[in-house]
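Here is the structure we will look at.
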Amino acid sequence: MPAATHPWIALVSSGASRHTERLLAAARGRARMEVVDAGELGVDLQRERIRIRRRGVALPPFEAALFRRVNPRIPFDYQIQVLREWQTLLCVVINRVEPMLLALDKLAVAARLRCARVPTPATWVVADLQSAEEIVRREGMVVAKPLYGSMGEGVELWKDSPGIRPVIADFLVEYGAVLLQEFVPGGGRDVRAFVVGDRTVAGCTRMAVEGEWRTNLAQGGIPDPVELTAEMENLAVSAVRAVGLDYSGVDLIRGANGWKVLEVNGAPSFLGLEKATGFDVAGHLVDFLLERLDRQRRTAA
């Protein structure tokens with residue numbers, strides 16, 4: 001593709017990172033990809049047509065965008081609303097704001113998966129001490145999660161014991177509510193399946209380190225390549241469709257009755273997956289974005 005026809009793509013992220021480096025490298029020679037900090041954006045409403053500006057200056061002629069991260073130092077709601085307005089002016093956006101927001105809400109995701117009949121562990125969401133304590137007593141062991149969060153932060157394993165009541169109380173004071181999930185014994189191992197469009201393109205196992213039950217790579221989990229079965233691939237795609245994402249990292253665990261979905265991530269990390277498998281996730285994401293943009297161009301023509 002001649003340089004003159006290279007599309008201009010915005011990579012929405014908060015500063016430099018290994019993820020942005022990988023995506024910029026994957027786009028080189030095929031697109032003009034530029035990192036855009038959502039915290040620097042503003043909306044110009046002086047004319048009939050909405051204009052998005054960066055620090056008061058007009059943006060380059062972006063045709064498409066890949067949304068990943070907002071700036072943690074700028075109010076979240078403000079950035080989300082600016083991105084909502086901006087995405088209406090672009091030909092292609094992955095992932096769009098609405099499904100990304102949905103993916104942040106564990107209750108909303110659990111409800112969507114249940115409605116779509118995607119197998120998941122039994123789930124309860126409560127905000128009072130008595131209800132949470134009754135569930136723990138009845139189930140014997142559950143996984144407790146904040147309604148919002150990622151990388152395993154704040155996730156705890158609660159067992160029925162005389163000392164569980166103050167643990168629950170402290171959690172509710174900090175987070176206000178709790179999502180309780182059936183504990184599926186996985187031997188400290190689960191699977192991350194990476195979905196792009198309608199395909200599961202790669203996957204790896206994640207093994208918890210000694211003394212830790214969480215498998216998240218941010219908690220020290222160790223990734224290894226795995227051959228995904230058709231059941232695992234289809235389950236991951238079904239989960240992503242239910243949430244409405246274009247790409248996602250889906251966490252799977254094998255229960256007594258087959259595989260179940262634990263998490264659906266709207267801004268997934270892929271560095272550990274690339275390292276474990278050698279699969280070029282960044283390149284595949286750029287391919288997907290450019291193919292979709294090309295289809296949009298042809299349709300418009």
Side-chain angles (χ1 to χ4, degrees), residues 1 4-15 19-20 23-24 26-27 30-105 108-109 111-112 116 148 150 195-198 240-249 264-268 282 284-301:
M1 180 183 292
T5 65
H6 284 180
W8 213 318
I9 297 174
L11 172 56
V12 177
S13 187
S14 55
H19 284 94
T20 58
L23 289 164
L24 290 171
R30 298 189 291 160
R32 299 179 66 176
M33 181 176 279
E34 182 177 330
V35 177
V36 175
D37 186 333
E40 296 179 346
L41 299 179
V43 183
D44 183 345
L45 301 171
Q46 294 184 77
R47 300 171 180 82
E48 291 182 3
R49 184 173 182 269
I50 293 174
R51 299 175 187 273
I52 307 298
R53 296 185 178 275
R54 178 169 49 189
R55 294 185 175 181
V57 178
L59 288 172
F62 291 118
E63 290 185 79
L66 193 159
F67 288 173
R68 274 199 59 82
R69 303 282 183 187
V70 296
N71 190 323
R73 297 181 298 278
I74 306 295
F76 178 80
D77 290 347
Y78 168 75
Q79 294 179 82
I80 289 300
Q81 193 54 47
V82 172
L83 292 178
R84 275 199 180 105
E85 298 299 333
W86 190 21
Q87 73 181 8
T88 66
L89 307 176
L90 296 165
C91 292
V92 172
V93 174
I94 63 168
N95 283 313
R96 295 181 68 83
V97 169
E98 286 71 22
M100 280 186 68
L101 285 177
L102 178 66
L104 290 174
D105 184 335
V109 169
R112 288 291 183 94
Y148 302 92
S150 60
V195 176
V196 180
D198 291 326
V240 173
R241 284 177 179 167
V243 180
L245 295 162
D246 297 300
Y247 71 95
S248 175
V264 181
N265 301 278
H284 205 86
L285 277 173
V286 172
D287 287 344
F288 175 76
L289 185 91
L290 293 177
E291 287 167 7
R292 180 172 285 187
L293 179 57
D294 186 55
R295 287 199 302 271
Q296 288 288 94
R297 282 174 162 181
R298 291 200 305 270
T299 300

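- Considering only heavy atoms from C-beta on, Val12 comes within 4.5 Å of Trp86 through its side chain.
- Of all heavy-atom pairs between Ser248 and Val240, the closest is CB-CG2, 3.6 Å.
- The two residues Ala31 and Ile9 have their closest heavy-atom pair at CB-CD1, 3.7 Å.
- Proximity of a side-chain donor or acceptor of Asn95 to a complementary backbone N or O of Tyr247 within less than 3.5 Å is detected.
- A pairwise comparison of heavy atoms in Ala64 and Leu90 identifies N-CD2, 4.1 Å as the closest pair.
- Considering CD of Gln81 and CG of Leu41, their distance stands at 13.0 Å, rounded to 0.5 Å.
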message = Does Ile50 form a side chain to side chain contact (heavy atoms under 4.5 Å, CB included) with Val43? I'd like the steps, not just the answer.
response = CA-CA 7 Å; Ile50 293 174; Val43 183; 3.7 Å; yes
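- Here the CG atom belonging to Leu66 is positioned 11.5 Å from the OG1 atom belonging to Thr20, to the nearest 0.5 angstrom.
- To the nearest 0.5 Å, atoms OG1 (Thr88) and CG (Leu83) are separated by 11.0 Å.
- With hydrogens and angles ignored, the 3.5 Å screen pairs no side-chain donor or acceptor of Asn71 with any backbone N or O of Asp37.
- Remark: side-chain polar atoms of Gln79 are paired, donor with acceptor, to backbone N or O of Ile74 under 3.5 angstrom.
- Residues Gly249 and Asn265 share a closest heavy-atom pair of O-ND2, 2.6 Å.
- Donor-acceptor pairing under 3.5 Å is lacking for the side chains of Glu291 and Gln296.
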Intermediate values then yes/no, side chain to side chain contact (heavy atoms under 4.5 Å, CB included), Arg241 and Asp198 = CA-CA 8 Å; Arg241 284 177 179 167; Asp198 291 326; 3.5 Å; yes
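- Separating the CZ atom in Arg54 from the CD atom in Glu40 is a distance of 7.0 Å, to the nearest 0.5 Å.
- For Glu85, the salt bridge (charged side-chain N to carboxylate O under 4.0 Å, His left out) criterion is met by no residue, not counting sequence neighbours.
- Atom CG of Leu245 is separated from atom CD1 of Ile94 by 10.5 Å, given to the nearest 0.5 angstrom.
- Counting all heavy atoms, side chain and backbone alike, Val109 lies closest to Ala103 at CG2-CA, 3.7 Å.
- We find the CG-CD distance between Leu59 and Glu34 to be 8.5 Å, quoted to the nearest 0.5 Å.
- A 4.5 Å side-chain heavy-atom check between Glu98 and Met100 finds every atom pair outside the cut-off.
- Applying the salt bridge (charged side-chain N to carboxylate O under 4.0 Å, His left out) definition to pairs two or more places apart or across chains, those involving residues 63-77 are Glu63-Arg297.
- Two residues are said to be in side-chain contact when any heavy atoms from C-beta on lie closer than 4.5 Å; Leu101 and Arg84 meet this criterion.
- Contact of the Leu290 side chain with the Val286 side chain is registered, since non-hydrogen atoms from C-beta on lie closer than 4.5 Å.
- Checking Val93, Asp287, Asp246 one by one against Arg292, the side chain to side chain contact (heavy atoms under 4.5 Å, CB included) holds for a single residue, Asp246.
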query = Passes side chain to side chain contact (heavy atoms under 4.5 Å, CB included), Phe67 versus Val36? Steps please.
reply = CA-CA 9 Å; Phe67 288 173; Val36 175; over 6 Å; no
inquiry  = Apply side chain to side chain contact (heavy atoms under 4.5 Å, CB included) to residues Met33 and Trp8 and explain how you reach the verdict.
reply    = CA-CA 6 Å; Met33 181 176 279; Trp8 213 318; over 6 Å; no
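- Between Ser13 and Val35, the shortest heavy-atom distance links the atoms O-CG1, 4.2 Å.
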